[in-house]
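Here is how names work: the chains are called A, B, and so on, in the same order as the sequence lines, proteins then strands, and each is numbered from 1.
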2 protein chains.
Amino acid sequence: MARDSEATRARILDAAEAEFAAYGIAGSRVDRIADAALANKALIYKYFGTKDELFDAVFAHRVLAFVDEVEFDATDLPGYAGRSFDLYERFPTTLRLTTWYQLERPDGKLPAIVASNDAKLAKIEEAQRAGKLTTAYSPLELLTEVRALAMSWHLHTPELALVRRPSRARCREVVVESVRRLVEHD
Amino acid sequence: MARDSEATRARILDAAEAEFAAYGIAGSRVDRIADAALANKALIYKYFGTKDELFDAVFAHRVLAFVDEVEFDATDLPGYAGRSFDLYERFPTTLRLTTWYQLERPDGKLPAIVASNDAKLAKIEEAQRAGKLTTAYSPLELLTEVRALAMSWHLHTPELALVRRPSRARCREVVVESVRRLVEHD
DNA sequence: AAAAGACAACTAACTAGTTACTTGCTTTAG
DNA sequence: CTAAAGCAAGTAACTAGTTAGTTGTCTTTT
């Protein structure tokens with residue numbers, strides 16, 4: 001095997017992503033990551049520092065890449081919700097990583113995410129001023145509810161998952177339609 | 001009963017609830033629970049078995065108690081959402097426990113929760129048949145979206161929490177109003 | 001072109017500390 | 001006295017992080 005540090009880093013990142021998504025930070029084992037990545041444990045520490053820092057690297061690499069992957073159009077929030085839904089379907093680990101991040105890093109404030117949020121809130125406010133969006137809710141209120149609806153199907157309790165879920169297309173339709181009702185002028 | 005084992009059990013349960021809510025199953029430390037409960041570690045194992053079983057006991061004791069704490073009225077889903085919101089405000093640990101449960105126990109299916117869900121779905125179906133509830137969504141779809149909206153404010157990312165949140169009363173109003181729009185006949 | 005040197009990639013084995021869980025004994029109430 | 005409650009002191013296994021050394025590759029010198 002030729003030596004390729006870049007490839008090794010990538011393998012470690014991939015393995016770490018799967019491990020952290022499955023077990024969270026506290027539950028993940030560095031040895032398991034090393035095994036899965038076919039890399040030596042010491043390399044993980046050399047390339048990424050501590051376990052926590054490895055999580056940060058994974059989170060930044062995967063989640064931040066998707067923050068702006070979904071196009072945001074304040075005048076079409078149903079469409080935004082639908083595209084968010086699609087992303088959660090395509091990359092199921094992303095939401096799990098985000099949830100672990102929320103639970104295990106309650107004080108972690110990534111500048112890129114903060115900036116992305118601010119931009120979205122500003123766009124909503126602008127759309128409201130232009131009369132293209134309901135003013136029944138503040139920008140933060142809108143973003144909060146739209147996001148909640150977009151990930152509603154992916155935050156099911158294990159028990160609700162027992163009930164037969166509608167088709168993916170129908171779930172998406174429900175999300176989009178719910179947001180449409182939320183933002184429609186009265 | 002010599003000495004008060006019931007009180008000791010209760011102290012352990014309380015301490016375990018706080019610990020699990022804060023750190024999850026993998027991140028929790030039995031020693032910390034014992035210290036916080038002013039109880040000996042061996043008693044934890046004597047009364048509750050393993051750490052996993054202790055989590056189950058906490059989850060059953062706290063969360064199951066609240067499953068039917070909130071009165072469910074299929075003809076007044078906005079009211080149900082509001083009352084759910086109130087519960088999340090009153091007992092912030094409950095939602096965290098539930099989230100850890102979802103992440104760390106993806107296969108855990110508690111009969112009491114399943115039964116409670118089934119009952120709610122049946123009530124929704126009945127209300128729909130009686131023409132008292134929109135039929136634009138299936139019972140599962142309605143329950144999913146209503147729940148997502150009810151906990152929308154409590155699933156904020158750390159980054160969104162930086163933005164000044166509206167007053168509790170206003171958040172509640174937003175939840176109730178969102179559900180009202182969701183279920184209104186068109 | 002070949003040998004020597006430099007350096008980065010990589011590794012096995014280890015350390016120091018932690019953690020879930022147990023055992024054997026003491027204390028207390030009835 | 002007895003039975004249950006309670007505890008100090010363990011133990012075996014695990015785990016994050018380190019160390020000292022090896023291997024492969026590229027560059028420089030002759």
Side-chain angles (χ1 to χ4, degrees), chain A residues 1-61 97 100-101 103-108, chain B residues 1-61 97 100-101 103-108:
Chain A
M1 194 199 305
R3 297 188 166 192
D4 186 343
S5 68
E6 216 41 57
T8 305
R9 281 181 69 103
R11 284 204 316 279
I12 292 173
L13 266 184
D14 283 350
E17 181 184 350
E19 177 80 8
F20 283 128
Y23 303 106
I25 302 177
S28 286
R29 298 293 167 247
V30 180
D31 287 281
R32 258 196 317 243
I33 294 174
D35 285 353
L38 299 175
N40 190 278
K41 187 162 58 154
L43 288 180
I44 294 178
Y45 289 95
K46 182 173 187 179
Y47 293 151
F48 297 101
T50 67
K51 184 166 83 158
D52 277 8
E53 288 168 338
L54 176 59
F55 179 84
D56 290 344
V58 167
F59 194 73
H61 179 257
L97 279 178
W100 289 116
Y101 175 70
L103 285 174
E104 302 193 274
R105 283 285 171 80
D107 300 322
Chain B
M1 191 196 310
R3 299 194 224 183
D4 197 345
S5 68
E6 218 39 60
T8 305
R9 281 180 71 102
R11 285 203 316 279
I12 293 172
L13 267 184
D14 283 350
E17 181 184 351
E19 178 80 8
F20 283 128
Y23 303 106
I25 302 176
S28 287
R29 299 294 166 245
V30 180
D31 287 281
R32 266 200 305 247
I33 294 173
D35 286 352
L38 299 175
N40 190 276
K41 190 163 52 154
L43 290 180
I44 294 177
Y45 289 95
K46 188 174 185 178
Y47 292 150
F48 297 100
T50 67
K51 183 167 85 158
D52 277 11
E53 288 168 338
L54 176 59
F55 179 84
D56 289 344
V58 167
F59 194 73
H61 178 259
L97 279 178
W100 289 116
Y101 175 70
L103 285 173
E104 303 193 274
R105 284 284 171 80
D107 300 322

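Following rounding to the nearest Å, Arg32(B) (CZ) and dT19(C) (P) show an atom-to-atom distance of 7 Å. Atom CZ in Arg9(A) sits about 10 Å away from atom P in dA9(C), given to the nearest Å. In this structure, Arg11(A) atom CZ and dT11(C) atom C1' are separated by 13 Å, rounded to whole Å. In this structure, the CG atom of Asp52(A) is 16 Å from the P atom of dT15(D), given to the nearest Å. In this structure, the CG atom of Asp35(A) is 12 Å from the P atom of dA16(D), given to the nearest Å.
For Asn40(A) against dA12(C), a side-chain-to-base donor-acceptor contact under 3.5 Å is present.
End-to-end axis angle for the helix from dA1(C)-dT30(D) to dG30(C)-dC1(D), using five pairs per end and rounding to 10°, comes out at 10°.
Taking the six-membered ring where tryptophan is involved, the planes of Tyr101(A) and Phe55(A) are essentially parallel, since the angle between them stays under 30° and well short of 60°.
An OP1 or OP2 oxygen of dG6(D) is reached within less than 4.0 angstrom by a side-chain nitrogen or oxygen of Thr8(B). At the phosphate of dA20(C), OP1 or OP2 sits under 4.0 Å from a side-chain N or O atom of Arg29(B).
Of the possible donor and acceptor atoms, none in the side chain of Trp100(A) sits under 3.5 Å from a partner among the backbone N and O of Tyr23(A).
Taking only side-chain atoms of Lys51(A), from C-beta outward, the nucleotide of dG6(D), dA20(C), dG17(D) with the closest atom is dG17(D).
The stretch residues 41-49 of chain A comes close to DNA chain D through Lys41(A), Ala42(A), Tyr45(A), each having a heavy atom under 4.0 Å from the strand.
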